[in-house]
Enquirer: 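Okay, handing you the structure first.
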Amino acid sequence: MPFLEFVLPAGALALAAPMIQRRLQLSRAKHRSLAGHSRMAKRLARLLPGYAYDEAQFFACDGAPAEVAQRRRAAFETLCAGFAQRYARSLALTAQAREGLADLQFTGKYRVPFQFSPIVSERLKVGAFVQSAEGVSLTDLDGNRFYDLTGSYGVNVFGVDFYKATMAEGAALGQALGPVLGQYHPCVASNIQRLREISGQDEVSFHMSGTEAVMQAVRLARYHTRRKHLVRFPGAYHGWWEDVQPGPGNPLPPRETYTLADMSERSLQVLRSRRDIACVLVNPLQALHPNGNPPVDSGLVDSSRKAGYDRAAYTAWLRQLREVCTERGIVLIFDEVFLGFRLAPGGAQEYFGVKADMVTYGKTLAGGYPIGVVCGRHDLMQRFRPERPADLCLARGTFNAHPYVMGGMAAFLERLRTPEMQALYEGQDERWNARAQRFNAVMEQNGLPMRAANLHSIWTIGYTEPSRYNWMLQYYLRWHGLALSWVGTGRLIFALNYSDADFEAVLERFVQAGRDMQAHGWWWAGSGQSNKDIRRSILREVLATAMGRKIGG
Ligand SMILES: Cc1ncc(COP(=O)(O)O)c(C=O)c1O
């Protein structure tokens, strides 16, 4: 009996050992940052108490002396008055629309760190309306022109005029059918043919958004592998669907998603050893900030935002992923919704020289119309099993293959194969790297603490000196005529029609905005605080608020 008592737990342990080991392996393959621990990030997000700076704290939360705080205050008030006057019409319509548009309320609130947000969103409002676009510029309702650095969330690869043409052509092509759905316009056949050539995949499915395309790719991977889990990497955006958003922002955390560290041997070990993984989702944009959250300015609480792109290292990582996925029968999905058609005519597969099992495209592909596309191997794209007629993988969608969208896509793909467009891709990496280098050299010469990191024409601005006020830069940039999306300086998206002269004009505006930031005291660094000190002082504020104490008191 004593022997049995001794042996049973030991035997149970022996049986459980591989499971425990796999579990440990999984834990160790998570990135140590919060981005790698989505559930914990989600719990913490729920606990984080809201608080806001009062006027005095707003201008001196870094301990700046009265003179600096006063300079900041005066500049802020001048900027508020300037915005109110210069952007009057755009702001008036924005205020009207905001009441009934939750999206505007959200973006208005999340442009800057939450402690500053009430004062900023109340007094330094940003207009959401524009009346026209041409070349590389946008014109608002008051007639102000801005260099467009928003890139229409990545749709605008070739410049707005290109898309105006493809949209008009697409509409003309689709017009004969109007809203007819379920039967196809003939251009669908040529779109399929072109997409097969471009992606090197057997089959295609059409959807209305990138989110839907990713949903369908993952669903098919699960159906065909009969496994449940998907693997994604920290911070990677794949749309707003439940299973690809395990962290804050999604009320129902998925149970079948593993978020593993990007570019990590430990993650490869997990892929090698587990049997429950259906697919690995890769958004190649993460090459710019592996394991980092999307760089939004509302997260700019200090200057620790980092970005940097190493093409060789990322290519090697994709190759390793390819190898292990092949070995283990895991479906490798490249989510090229953002980068497809920007990096190369054949997208990220061509650019990195790695073939995926399935690829999702979207954004720019329908020439300016809403789109999501999945391309994949025949055995993965099939939605039924001939031997089990009731075992289906259902995917429909009223507007899939809409005649106007398909027309826009035909116009886009037709242009893409012209020699001029093929030539346009040449040397883009070098061009944008040189521009980023020039940007950084000019900032350094001017003693300004901003630096650009880029992947091709996608940029992130980082800050070399610790500061709590980097988020103010986005307002000065707008003031100097640069249009940014709501994420601010975290993501600048250049269209490829930016000439050298256009780029120089943008550069000049950055210098002007940086000089304003400096002159108005936002980059005062007299306290000698490091980024770590800043984060510590924010943590103290959070704890004080959680304990019901007044901050700063
Ligand atoms: C890589 C990636 N996948 C999916 C999506 C979702 O696409 P959509 O916004 O069209 O749903 C996006 C959107 O930004 C994306 O960047």
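Atoms within a ligand are numbered from 1 in the order they appear, just like the ligands themselves.
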Enquirer: Residue by residue, ordered by chain and number, which ones reach under 4.0 Å of ligand 1 with a heavy atom?
Expert: Ser209, Gly210, Thr211, Tyr237, His238, Gly239, Asn283, Asp335, Val337, Phe338, Lys363
Enquirer: With sequence neighbours left out, write down each residue that passes ring pair (Phe, Tyr, Trp, His ring centres under 6.0 Å) with Phe114, or none if nothing qualifies.
Expert: Tyr51
Enquirer: Please report the closest heavy-atom contact between Ser205 and Gln216, naming both atoms and the distance.
Expert: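 Closest heavy-atom pair between Ser205 and Gln216: OG-CG, 4.3 Å.
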Enquirer: Answer yes when Asp357 and Arg377 have at least one side-chain N-carboxylate O distance shorter than 4.0 Å, and no when they do not.
Expert: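 So Asp357 pairs with Arg377 through a salt bridge.
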Enquirer: With the threshold set at 4.0 Å, does a side-chain nitrogen-carboxylate oxygen contact exist between Arg431 and Glu426?
Expert: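 Not counted as a salt bridge, because no side-chain N and carboxylate O are separated by less than 4.0 Å.
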Enquirer: Salt-bridged, Asp243 to Arg222, with N to O below 4.0 Å?
Expert: yes
Enquirer: If I compare all heavy atoms of Glu169 with all of Ala411, which pair ends up nearest, and what's the gap?
Expert: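 Here Glu169 and Ala411 meet closest at OE2-CB, 3.5 Å.
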